[in-house]
Visitor: 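What follows is a structure written as structure tokens; I'll ask about it next.
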2 protein chains.
Amino acid sequence: MRHKGPIGNQDLVKKINMEHTIRTILAHRPLSRAKIASLTGLNKMTVSSCVDLYLQKGIVAELGTTGTSRGRPPILIDIDETGGICVGVDVEINQFTVLVTDLSGKKLESEVYPLEDKDPLYFVEAITRILANLAGVHNQRRLGIVGVGVVIQGYYNHNTNIVGFSANLQEWNGFHLMEELSRRNPSLLFYVKPAPYAGAMGEIHFGRSRLVEHLVYVTSSWGMSVGVYNKGELFTGSTGTAGRLGHSTIHMNGKKCTCGNRGCWEMYASIKALYQQLEQTPQQVPFADIVDNVNRGDSQTTSAVHELGHYLGIGLVNVINAYNPGVICIGGLLGLLGQPLLNSIWGTLRESIPARFLEGLDIYCSDLGELGVAYGAVSLVLDQLPGTIIRYALLEQV
Amino acid sequence: MRHKGPIGNQDLVKKINMEHTIRTILAHRPLSRAKIASLTGLNKMTVSSCVDLYLQKGIVAELGTTGTSRGRPPILIDIDETGGICVGVDVEINQFTVLVTDLSGKKLESEVYPLEDKDPLYFVEAITRILANLAGVHNQRRLGIVGVGVVIQGYYNHNTNIVGFSANLQEWNGFHLMEELSRRNPSLLFYVKPAPYAGAMGEIHFGRSRLVEHLVYVTSSWGMSVGVYNKGELFTGSTGTAGRLGHSTIHMNGKKCTCGNRGCWEMYASIKALYQQLEQTPQQVPFADIVDNVNRGDSQTTSAVHELGHYLGIGLVNVINAYNPGVICIGGLLGLLGQPLLNSIWGTLRESIPARFLEGLDIYCSDLGELGVAYGAVSLVLDQLPGTIIRYALLEQV
DNA sequence: TTATTTTGTATAACTATTATACTAAATTTC
DNA sequence: GAAATTTAGTATAATAGTTATACAAAATAA
């Protein structure tokens, strides 16, 4: 059992510096070689050699000079964002959404497909056809499909690559999703994550939390869960179920939950709980109407949302104590409730946690909108993009 | 704001391979050069050159040959565990314990000192004298004091290096501990962590969890808190208060807590709660007597411990959902309650979490005994030992 | 005694970084 | 308007750690 991490040699050195270079370009583009050198601390020549490699492979391009300051004008380098596409797939109960972006994350197209059959193999076959079609349409792009992020209902065991437990799509339980996807699409890279994890990653790449190191993403569509982003990566726990807080106990003698436990957070603070409080169903009152009612100031809805925020706040006490995040993002349908919900949450937090533990904490509602989860799926690809690019650039032959 | 991680050059390569070498020696000592090469994947010559450097500096030594298999007998290499000392300091309310070990973590000596003055400067002056004395006593050791782990009451902000909040030693709140320690001991490396974090690290280095990747350490001496170890490092959160679960809500309309919140876990599952349940105080009945009573089967104590385990279990539901650990270790005084407590915990867990989320989970009571926290302090030093050794070995001049 | 096996070293080739010197191309100054 | 200055980028040779090859050392097996 050998010690972790690659061994040190020239290949590793090259890889590391190629990574510094591409990450810096991605973060500050467009950029001159000189600027890359000063930002990374790399030697000018090292930067030139890395950039040359990327240029050769057509991954970056020279944009020409811009004469702003004095001295020889810099040649701006930029990634060719049209050189490949990212695919994000959000699998819901009755449908799945496919979002296609360029390498900068800019949306190119999105489409919703029905999930006609709950059998996961149906999905695998369907997405395989869609991906084959996308590969054809975008075949002039040098890098093709750089990765496919798949956001699933339920948990995902990253050790076994098996769908762990999906309350909404029971047929998927125990399915070897990665294996089936990879077998049918051997040239493609897949990244599978549960929705709250992808939500967290989405906020880091597309939301208000670009440079954040510690974020917790809270989401409820019907049940509830959270995703934890910590110092550059998702906190998954040993088998991929970290953040299953919908079933954490906030009221030990409270309402009986479907999971068998009592007083689960999602019995009080989920969309499900909100509908119960309103004595309505989504069939009777679509969630958009509830949002409208809150924004209009409807008293019954407002008070229900206030109560929801109170219970959300109680659970967030536990989130804050458990993870000590710098930022909490409320996503999913919950996030659409906006400021009224936040006000209520803060009221409860201030009563429940000494102020020193709330200092600097930012809580906001996601503003990624309807495609939020699909953007989360794309962010799984973007997160690995530097590695993908480097591997391509360092290939011996094209 | 430049991208994280060092840039790639030959120095880095050397450092990486020196690290592979020393970590492999530490993990499998004693070891031949050939074995190091095969374990690490490094080239034989690379291993030879790294080992030579360590030999030159006297950090490792050749033990001579052992002719087991056929072929030329290997020369065994081992670290000189007497080449330096680790110091661990456990600061409690009225006293502090200093544990001295060799580089393998073997205890050399330990001593308890009274904390005569609550002013943190008193402690700083006292430990400075003790360290100066230790440095003198062990001055024949090449590396001297390789590090000092300090375990404090309360939290510690790793960004500001200020003691965050200490309920038991209020005088320490806001104290620049690291600065004061380093100013007086400029040649020493200090590692400061709250007790539950050090507890977790101690289990990884000294306890039953050597190769564990995901561990949560739960401790109560009076209040409660947890430390989370995740994939090689402590999970601290953004400001170092992650794991403050003693004040997480398990009963939202429950007992009023000193923190202002209601239904905090530690109102039900801490040593404090146990004494309240027993209507006793530690002055009347030392904790050791409670442990004796449980082991003797005293009915009142047994039922109180059973209840404690039930409440612990409820909070552990939240721990399991939040962190998805592979191992939970019960430490501090709580851990002394042993199997009766574990039985009660498991009873509650099985009622509260579907079995699939408990699969493979190991829960045990720490068996590190009285010096457990002090060993945790030493483990903070051992955790950084490879880095310390490498820095020393790569120094230009001695 | 010889062949084989395994350990460890010596040597030269390889390659990415790096320091130095240099060219390129702009603005500022005189 | 020419010269000086400043900044960007390249060319070249030096440096240094890994690595492949060959080889020496020291044991067992045949």
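Order of the sequence lines fixes the chain letters, A, B, ..., with proteins taken first and strands second; residue numbering starts at 1 for each chain.
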Visitor: Just the rounded figure in Å: distance from C1' of dT10(D) to CG of Leu53(A).
Guide: 16 Å
Visitor: Pull out every protein N or O sitting under 3.5 Å from an N or O of nucleotides 20-24 of chain D, one pair per line with the distance.
Guide:
none

Visitor: Using a 4.0 Å heavy-atom cut-off, does Thr65(B) contact any base of the nucleic acid, only the sugar-phosphate backbone, or nothing at all?
Guide: nothing
Visitor: Met18(A) has an atom CE; how far is it from atom P of dT17(C), in whole Å?
Guide: 10 Å
Visitor: Look at the side-chain N and O atoms of Lys14(B) and state whether any lies under 4.0 Å from the OP1 or OP2 oxygen of dA16(D).
Guide: no
Visitor: Send over the distance from Arg70(A) CZ to dA4(D) P, rounded to a whole Å.
Guide: 15 Å
Visitor: Just to confirm, is there a sub-4.0 Å distance from OP1 or OP2 of dA16(C) to any side-chain nitrogen or oxygen of Thr46(A)?
Guide: no
Visitor: Between dG9(D) and Ser48(A), is there an OP1 or OP2 to side-chain N/O distance shorter than 4.0 Å?
Guide: no
Visitor: Just N and O in the side chain of Asn9(B): are any of them under 4.0 Å from OP1 or OP2 of dT18(C)?
Guide: yes
Visitor: Verify whether the ring centers belonging to Phe235(A) and Tyr229(A) lie closer than 6.0 Å.
Guide: no
Visitor: With nearest nucleotides of DNA chain D determined for Leu76(A) and Gln10(A) from heavy-atom distances, which residue corresponds to the more 5′ nucleotide?
Guide: Leu76(A)
Visitor: Report yes if at least one side-chain N or O of Arg33(A) is closer than 4.0 Å to OP1 or OP2 of dT10(D); otherwise report no.
Guide: yes
Visitor: Would you indicate, yes or no, if dT18(D) has its OP1 or OP2 atom less than 4.0 angstrom from a side-chain nitrogen or oxygen of Ser49(B)?
Guide: yes
Visitor: Rounding to an integer number of Å, can you tell me how far Ile7(B) CD1 sits from dT18(C) C1'?
Guide: 10 Å
Visitor: Start with the C-alpha distance between Ser49(A) and Lys14(A), add both sets of side-chain angles, then the distance that settles side chain to side chain donor-acceptor pair (under 3.5 Å), and finish with yes or no.
Guide: CA-CA 10 Å; Ser49(A) 101; Lys14(A) 191 75 205 171; 2.7 Å; yes
Visitor: Over all strands shown, is Ile75(A) touching base, sugar-phosphate only, or nothing at heavy-atom distances under 4.0 angstrom?
Guide: sugar-phosphate
Visitor: Please give, in whole Å, the distance from dT10(D) P to Leu42(A) CG?
Guide: 15 Å
Visitor: Could you state the NZ-P distance from Lys35(B) to dT5(C), rounded to the nearest angstrom?
Guide: 18 Å
Visitor: Could you tell me how far apart Asp11(A) (CG) and dC14(C) (P) are, to the nearest whole angstrom?
Guide: 15 Å
Visitor: Tell me, with the steps shown, if Leu99(A) and Lys107(A) meet side chain to side chain contact (heavy atoms under 4.5 Å, CB included).
Guide: CA-CA 7 Å; Leu99(A) 171 63; Lys107(A) 175 180 159 180; 3.6 Å; yes
Visitor: Please determine whether side chain to side chain donor-acceptor pair (under 3.5 Å) holds for the pair Tyr191(A) and Asp383(A), giving the CA-CA distance in whole Å, both sets of side-chain angles, and the decisive distance to 0.1 Å.
Guide: CA-CA 10 Å; Tyr191(A) 308 99; Asp383(A) 193 58; over 6 Å; no
Visitor: Does dG17(D) have OP1 or OP2 sitting under 4.0 Å from an N or O in the side chain of Asn17(B)?
Guide: no
